[in-house]
Number of protein chains: 2
Amino acid sequence: MALELPELRSFLVLAQHLHFGEAAGALHVTQPALTKQIQKLESKVGGPLLVRGYRRVSLTPAGEILRERAQGLLREAEMAEEITRLAVHGKAGLLRIGFGIASLAAGLPDILTRFRQRFPAVQVSMADMSTPNQISALEQGDIDVGFVRLPVEHPDLETVPVLEERLVAAIPRGMPYRKGLASLRNEPFVVISRSVSSSFVDHVARTCRAAGFSPRIVQEVNELFTVLNLVRGGVGVSLVPRSANLMHVPNVRLVDTGLEEAKWKIGLAWRKANSRGADSFDPLVHNFIRLAYRPRGVAPAVDLKPLPR
Amino acid sequence: MALELPELRSFLVLAQHLHFGEAAGALHVTQPALTKQIQKLESKVGGPLLVRGYRRVSLTPAGEILRERAQGLLREAEMAEEITRLAVHGKAGLLRIGFGIASLAAGLPDILTRFRQRFPAVQVSMADMSTPNQISALEQGDIDVGFVRLPVEHPDLETVPVLEERLVAAIPRGMPYRKGLASLRNEPFVVISRSVSSSFVDHVARTCRAAGFSPRIVQEVNELFTVLNLVRGGVGVSLVPRSANLMHVPNVRLVDTGLEEAKWKIGLAWRKANSRGADSFDPLVHNFIRLAYRPRGVAPAVDLKPLPR
DNA sequence: CGAGTGCCATTCCTGCAGGTTATCAAAATC
DNA sequence: GATTTTGATAACCTGCAGGAATGGCACTCG
């Protein structure tokens, strides 16, 4: 026969009071009930846990040992209940977030900060990957939500827009820009590598085409920061997310293109609640989306500061 | 409402099988009973722990979290029960042993070795103190058993003889010893300090008196090993427990006195089971005594009853 | 498209674990 | 020896956990 928690609770209270009558009162039961509980407990462990003397109850060495264990056990049981309760309401557990090149700088840090403030018991893990990779990671259950480039058409995924970004030209200080983006038609371009985010490269090409030219790409690199530094070094120009201004690379100007094609939306994507074979909707995801998505039309979750200069 | 172990057990089995019918079978209950248990559990934590899909049951994130906790909880509950059961039968817990100058070398290490072999879960703490100090430590509950010089007359203590020791003369190699202990009547004596064990010093004096002289003590030290080395260095001679031969100090001869007065008995002492106000008899003490006391022709001073069930 | 199947939920019933009341028993005090 | 204190026991009662039967949903298959 196995120990059960109610018995242990009774035993602990009795170990405090060392008096059957009082302990029974504290437990809101009558004294015989407590006597029977303790007797059952003692029969389970095969011997006495308490010594009943005249007007004096005391713990045996074995009782002392059980008392320590029981205390820990009950405390852990309470904690298990509490954390599970939190998890059920999306306030505890592990949330795996995917994010891409742009969302990191744009508004994600702020969203994360607010989320961790509001749900401190939630463990967050971040995975840096492109939009297509995020989509397959979502499908396979490797991440729970992702910051993806919209639009996403996928039968098992839902999305909501949370950020708006646009490409801006990154040029060395002093380079002429009178005629807008078209001024760069003959400049060499440095861009993020196609293997990092082909959709981003496509977007750069599309934007240039709207300005009437096709970019001559002379260098591909893996990091946005590298792009800006190559621009600074005069290797070429580039089109980068507007939020790149947060990186503060000196002698590099970020200037708006004024083109509608330069804009794009970043949204949150997650598995639909009843997608075939999938788990039910994770309340953690729900809480994260609610916090990230503030419906003011398509107002960005984070205000981008005006460009310097 | 608090979580209880039976629910958690059911939940764990269900989490393994992910099938109500099978899990119920493994638990030896019917499926509706399991359904109700899980429902109760879910109502306690305030939300679903499992998703019931078509021919597919899966854990929610919260369920996953509870599963981890529940596993640890049940394992610890089992351990608590097991160790308490051991403690009840005197096979776990803490045994505090007092011992004196002689018992350490004489037979205690062997007894201890056998005890730890037989009761590996018992934690042993040793306290080095003289017989009178052990007696008062026993009275106050600071130690559980003690190796004391017999006889002990005390209303609350019981004893049993376990070892027999005798004093032997420790003399430098080459010193004449034709006439036995009386040969040393004019030699300077080195002895253990009175503050360490006055009864031991008394015994040395008593033994010398039996040989017809009173020892001239020129040096008192705190350690038996020091005594032997002073003998080796020619500072004086001494009477030491026979077991001092285990220390192997070169150029020191240990020779028997042949005197009946040189002998003494070492016994185990412990609190009587029903001494006023004390706890009941500690089964650990019982086991220790039984192991230490091996009647070899000596009638037992006390009969050891089997432990009450 | 309707019958078939697998599987969890619901309902109703029963036995017993665990509680209550009343009483007993042992030990110490007056 | 009567009284008091306090845990154990006995007898009874009841809510709830578990069993048996059935329902109902979702998907499959001929």
Side-chain angles (χ1 to χ4, degrees), chain A residues 1-44 47-60 63 155-156 272-280, chain B residues 1-44 47-60 63 272-280 308-309:
Chain A
M1 228 193 290
L3 302 188
E4 299 301 338
L5 298 188
E7 307 161 353
L8 295 182
R9 272 184 273 271
S10 299
F11 174 68
L12 275 188
V13 173
L14 178 55
Q16 282 175 343
H17 289 77
L18 291 175
H19 187 290
F20 278 73
E22 288 177 22
L27 289 163
H28 304 109
V29 296
T30 55
Q31 172 260 317
L34 177 59
T35 290
K36 277 200 288 188
Q37 278 194 12
I38 300 299
Q39 284 175 342
K40 194 176 60 176
L41 190 56
E42 288 181 325
S43 86
K44 285 180 182 178
L49 296 168
L50 297 138
V51 183
R52 289 83 158 163
Y54 176 69
R55 295 202 191 185
R56 172 176 185 135
V57 173
S58 58
L59 290 176
T60 63
D156 291 340
K272 276 183 182 164
N274 290 329
S275 67
R276 190 186 164 82
D279 304 18
S280 86
Chain B
M1 226 193 292
L3 302 188
E4 299 301 338
L5 298 188
E7 307 162 351
L8 295 181
R9 272 185 272 271
S10 299
F11 174 69
L12 275 189
V13 173
L14 178 54
Q16 283 176 343
H17 288 76
L18 292 176
H19 187 290
F20 278 73
E22 288 177 22
L27 289 162
H28 304 108
V29 297
T30 57
Q31 171 261 316
L34 178 59
T35 291
K36 277 195 287 189
Q37 278 194 12
I38 300 299
Q39 284 175 341
K40 194 176 60 176
L41 190 56
E42 288 180 325
S43 85
K44 284 180 182 178
L49 296 168
L50 298 138
V51 184
R52 289 80 158 165
Y54 176 68
R55 296 200 191 187
R56 171 176 185 136
V57 173
S58 57
L59 290 176
T60 62
K272 277 183 183 164
N274 289 329
S275 66
R276 190 186 162 83
D279 303 19
S280 86
R309 206 45 28 146

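Within every chain, numbering begins at 1; the chains are lettered A, B, ... in the order of the sequence lines, protein sequences first and strands thereafter. Please read all numbers here as calculations on a predicted model, not as lab measurements.
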If I take atom [atom1] in residue [X] and atom [atom2] in nucleotide [N], what distance separates them, rounded to the nearest angstrom?
| X | N | atom1 | atom2 | answer |
| --- | --- | --- | --- | --- |
| A:Leu18 | D:dG7 | CG | C1' | 14 Å |
| B:Phe20 | D:dC25 | CZ | P | 17 Å |
| B:Arg56 | D:dC27 | CZ | P | 13 Å |
| A:Leu34 | C:dG19 | CG | P | 9 Å |
| A:Gln39 | D:dA8 | CD | C1' | 7 Å |

Considering all heavy atoms, the nearest [X]-[Y] contact:
| X | Y | answer |
| --- | --- | --- |
| A:Leu5 | B:Leu3 | CD1-O, 3.5 Å |
| A:Glu42 | A:Arg52 | OE2-NH1, 3.0 Å |
| B:Phe11 | B:Ile38 | CA-CD1, 3.9 Å |

With sequence neighbours left out, write down each residue that passes salt bridge (charged side-chain N to carboxylate O under 4.0 Å, His left out) with B:Lys36, or none if nothing qualifies.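 Scan of B:Lys36 (salt bridge (charged side-chain N to carboxylate O under 4.0 Å, His left out), adjacent residues dropped) gives none.
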Sequence-distant partners of B:Glu4, salt bridge (charged side-chain N to carboxylate O under 4.0 Å, His left out), two or more places apart: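 Per chain and number, B:Glu4 pairs via salt bridge (charged side-chain N to carboxylate O under 4.0 Å, His left out) with A:Arg9.
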Between [X] and [N], does any side-chain N or O lie under 4.0 Å from OP1 or OP2?
| X | N | result |
| --- | --- | --- |
| A:Thr35 | D:dG7 | no |
| A:His19 | D:dG7 | yes |
| B:Arg52 | C:dA9 | yes |

Please list, in numerical order, the residues of residues 2-16 of chain A that have a heavy atom closer than 4.0 Å to any atom of DNA chain C.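 None, since no heavy atom is under 4.0 Å.
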Nucleotide by nucleotide, 5' to 3', does protein get under 4.0 Å of the base (B), only the sugar-phosphate (S), or neither (-) in nucleotides 15-20 of chain D, counting heavy atoms? --SBBB
What side-chain donor-acceptor pairs closer than 3.5 Å can you find for residues 22-35 of chain A, not counting sequence neighbours?
from	atom 1	to	atom 2	distance (Å)
A:Gln31	NE2	A:Thr35	OG1	3.0
A:Thr35	OG1	A:Gln31	O	3.3

Polar-atom pairs under 3.5 Å, protein N or O versus N or O of nucleotides 2-4 of chain D: list them with distances, or write none.
none

